[in-house]
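All values derive from a computational prediction rather than experimental measurement. Numbered from 1 within each chain, the chains take letters A, B, ... in sequence-line order.
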Amino acid sequence: MMTVEQIVHAFKSGEKSAEEITRGCLAVIAEKNPEINAFVEVFEADALSRAKELDEKRARGEELGALAGVPVAIKDNILYKGHKATCCSKMLENYVASYTSTVVEKLLAAGAVIIGRTNMDEFAMGSTNQTSVYGPVKNPVNTECVPGGSSGGSAAAVAAGMVPVSLGTDTGGSVRQPAGFCGVVGIKPGYGRISRYGVIAFASSADQVGVIAGNVKDAATVLEVLAGRDAHDSTSLESPVPAYASLLAKDLKGVKIGLPKGFLDGLGDDIKQRVTEAARALEKQGAQLVDVDVPHAKYAAPCYYIITSAEASSNLGRYDGIRYGYADKSATDLNAYYEESRAPFGLEVKKRIIIGTFALTSKNYEECFLKAMKVRELIREDFKKAFEQVDVLLTPTSPTTAFKLGHHDEDPLALYLADLYTCQGNIGGLAGISVPFGKDKNGLPVGVQFYGPILQEEKILNAAYHLEQNV
Amino acid sequence: MEITKKDVEVAAKLAKMRVSEQETAVYEAQLEALFNWVKELSSVNTDGVELSNVNLSAHVRADEPVTDEKRAALLRADFNASLDDCAKVKKVL
């Protein structure tokens, strides 16, 4: 698969047409998707028509954007007018977007070709991509393994060479963890960096759109297109967008990389060794390693499951058979109508709604929800202090590499615990990136993660880029 | 934290969701494991911790009246049918 940079160059120079590039991706999807199941729908006719438009535009000598001719896949919770967006749930199986999300508008304005929608855990709740109504995604590196989730389809599509880049969403690690499992790059910018207008909500204080790409420079290029304030999203931040890709050349001399105390405790040798090697590789390039203390970060996962479930119980209230979603016509009274219409939610989604509702009841609000919110403040304060001492933090992306499909089915709590390193970024609102760095003894990719402060994505991109050069 | 069958049923009822006997049994065990894990948080001293307030004025657009005369037409265009200048919505019950 050509990189984003190569595609844009090939298209703009006339070496390849957008149609040729698009047909190339469609051919790989046709060959590999039946096994990998990364795409739930391919917009073939639409993508080809768009590609022809771009070819005509080039022929007329019109200005071409930063992503001219680049095929991009979007997660099935991102709206693109006239196309289905189902969150891989039976609840939304017939939902067709009535408007286009800001992120897709920006991709189109930059000349991208939206090639299809990718598989995901139902309503983005999961980290294995096994809760999708369209069936599980398989990891292209080893098809007996999960690709991670919830943006498992987006990561697998890039790893399998079906597309050079895809969009995912990340509420607790759903871009970075599957990127780590599939051996590709995944970036979740800080909270507010990218508009969420037209992205189906799961947990509004944590949801962010992220980019999955084959290398750091491509991720930086696409982030640059997507970032920025949007009047349609009141949580998006007003701040100039740096030229991320061109800032990657800056060396690491004097850059302070924080190693959080105790973060490698209890990890398997493979992951521990890769993270240690990554730290040494960065040090050799002039970075300074600094031990930092983020004492409350270990509580991020329980906070995350209470807060995001509570927000989900509210956000998913809109699927009532009236405003959105499946509608059961057989009910004879309003309560039965709601209950029957909400029946298509899968087991995990129902469970999260029940957890959230339980945590918000007057009996449990203080002990569960309020407590989690207060601990979240302490975690944020820890990270704020850490970034007064260092530029970025280095951590594992996940405590393990990709595991076998079905491995944790009987122990969902073990899966929740595995989100520890990634959900800290969502609880803290931080910018985070996972970059592949070596493999484990079974040949599965190991991801390492950098965290940076909000609105300073260039720092984590730069560190990840220099580490990538060492692979 | 002990989670009972009734806890699951009450939460499901509040969320307007029908949960089968089998699902209730699964959720009861899983919620108990989860809330016992969440109990870790009780060991954290949060005395005096205040929740941060979002400065809404920095993020919310000015409260200006909608002046787009085309809005009604745009809204109607998203519906399949209209009658007497009103959008026709699907029958609920």
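- Counting heavy atoms from C-beta on, the side chains of B:Leu51 and A:Leu370 come closer than 4.5 Å.
- Proximity to chain B (any heavy atom under 4.5 Å) is shown, for A:Ile355, by both the backbone and the side chain.
- In terms of non-hydrogen atom pairs under 4.5 Å with chain B, the most contact-rich of A:Arg376, A:Lys350, A:Glu367, A:Met373 is A:Lys350.
- Distance check: B:Lys39 NZ to A:Cys368 SG gives 10.5 Å after rounding to the nearest 0.5 Å.
- Top candidate by heavy-atom pairs under 4.5 Å with chain B, chosen from A:Asp320, A:Thr361, A:Ile353, is A:Ile353.
- When the candidates B:Lys16, B:Gln30, B:Lys13 are compared by the number of heavy-atom contacts under 4.5 Å with chain A, B:Lys16 comes out ahead.
- Options A:Arg342, A:Glu340, A:His296 differ in how many heavy-atom pairs under 4.5 Å they form with chain B, and the most are formed by A:Arg342.
- The minimum heavy-atom distance between B:Asn45 and A:Leu378, with the atom names listed, is O-CD1, 3.8 Å.
- For B:Ser43, the part lying under 4.5 angstrom from a heavy atom of chain A is the side chain only.
- One distance of note links CG of B:Leu31 with CD1 of A:Ile354; it measures 7.0 Å at 0.5 Å rounding.
- Annotation: maximal heavy-atom pairing with chain B below 4.5 Å, among A:Lys374, A:Lys298, A:Glu238, A:Arg380, occurs at A:Lys374.
- Between A:Pro302 and B:Leu41, the closest heavy-atom pair is CG-CD2, 4.0 Å.
- Residues B:Ser42 and A:Lys371 have side chains that never bring a donor and an acceptor to within less than 3.5 angstrom of each other.
- Residues A:Leu417 and B:Trp37 form a side-chain contact, since some pair of their non-hydrogen atoms from C-beta on lies under 4.5 Å apart.
- Closest approach of A:Leu347 and B:Tyr27 over heavy atoms only: O-OH, 2.7 Å.
- Interface remark: A:Ala301 contributes backbone and side-chain atoms alike to the contact with chain B (heavy atom separation under 4.5 Å).
- No other option in A:Tyr338, A:Tyr99, A:Tyr299 has as many heavy-atom pairs under 4.5 Å with chain B as A:Tyr299.
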Could you walk me through whether B:Asp7 and A:Lys363 pass the side chain to side chain contact (heavy atoms under 4.5 Å, CB included) test, one step at a time? CA-CA 11 Å; B:Asp7 289 326; A:Lys363 185 179 146 199; 4.0 Å; yes

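- The shortest distance between side-chain heavy atoms of B:Val8 and A:Phe358 does not fall below 4.5 Å.
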